[in-house]
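Down below is the structure, laid out as structure tokens.
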Amino acid sequence: MAKDLLPLVTPSDASFQAPTVAPIAAAPQTSRGPFANMVADVTGGGLPVTPPTVSFTDADFALIRRIGAFMPVHKLLEILNERRACDLGTDKDPYSIEQLVAAIADMHGAKDPTALGRDWPSLRKLLAQARRAGVLEQINNQVIDDFAVVFQLNAKQVVELKDIVLGAKED
């Protein structure tokens, strides 16, 4: 039975030639997406691309400022879009992930590399932001000790961290 499955011509035969296969032409890749490419092929034109005009409200910015640094972006986007649908109706355009990532980066200083520097003025700005957000008041010796265990800080790093953060609370 296994002999019936063997090919009639084996590669060792002199008459064997491998079939030639023509290369498949790849479809042009554009950033518009496959649907826009199909419309362009049918109509000879393309879909008009309009940037989203949806912007975050002040309440959305407050929520992003408070929990944007530690909540997963997709979960925060889900919450913001749900709030938007409840406030304005489901016929309104939802926020995009790109908008949210840009807003988080803007609020936490990631767009400006000097805002995330490793010098004293940058550290003072970071501590001032933490004080305004109410985070600095929640940090105590226990929080720093737990942080040191989780991130495996050495004794010198723990002493410096306590000196800087707890010292800023007293100012």
For the atom pair CZ (R84) and CG (L77), what is the distance rounded to the nearest 0.5 Å? 11.5 Å

Roughly how far, to the nearest 0.5 Å, is CD of E160 from CD1 of I144? 12.5 Å

Ring pair (Phe, Tyr, Trp, His ring centres under 6.0 Å) filter on F61, not counting sequence neighbours, yields F56

Around atom CG of D58, are there more than 12 heavy atoms from other residues, nucleotides or ligands closer than 6.0 Å? no

Would L63 and D60 count as a side chain to side chain contact (heavy atoms under 4.5 Å, CB included) if you check the C-alpha gap in whole Å, the side-chain angles of each, and the deciding distance to 0.1 Å? CA-CA 5 Å; L63 188 64; D60 294 334; 5.6 Å; no

CZ of R131 to NZ of K169: how many Å apart, nearest 0.5 Å? 10.5 Å

Is L88 linked to Y95 within one hydrophobic cluster, defined over Ile, Leu, Val, Met, Phe, Trp and Tyr using a side-chain heavy-atom separation of less than 4.5 Å? no

What's the spacing between Q99 CD and D93 CG if we round to 0.5 Å? 9.5 Å

Take V165 and V143, measure what side chain to side chain contact (heavy atoms under 4.5 Å, CB included) needs, and give me the verdict at the end. CA-CA 11 Å; V165 175; V143 171; over 6 Å; no

From CZ (F147) to CD1 (I139), nearest 0.5 Å: 9.0 Å

Supply the atom-to-atom distance T90 OG1 to N81 CG, rounded to the nearest 0.5 angstrom. 12.0 Å

Of the non-hydrogen atoms in A133 and R66, which two are nearest, and what is the gap between them? O-NH1, 2.6 Å

State plainly whether one hydrophobic cluster holds both V159 and F151, where clusters connect Ile, Leu, Val, Met, Phe, Trp and Tyr through side-chain heavy atoms under 4.5 angstrom apart. no

Within the side chain of Q157, is there an N or O that forms a donor-acceptor pair under 3.5 Å with the backbone of N154? yes

Evaluate salt bridge (Lys or Arg N to Asp or Glu O under 4.0 Å) for K92 paired with D87, printing each intermediate quantity in order. CA-CA 10 Å; K92 299 295 182 184; D87 291 344; over 6 Å; no

Between K162 and D145 the two heavy atoms that sit nearest each other are NZ-OD1, 3.0 Å

Report the C-alpha separation of L127 and I164 in whole Å, then their side-chain angles, then the decisive distance to 0.1 Å, and conclude whether the side chain to side chain contact (heavy atoms under 4.5 Å, CB included) test is met. CA-CA 9 Å; L127 289 170; I164 293 169; 4.0 Å; yes

Going by the rule side-chain contact (heavy atoms from CB on, under 4.5 Å), which residues pair with V73 if we only count those two or more places apart in sequence or in a different chain? I97, L100, V101, I104

Give a yes or no on this: more than 12 heavy atoms of other residues, nucleotides or ligands lie within 6.0 Å of atom CD of Q152. no

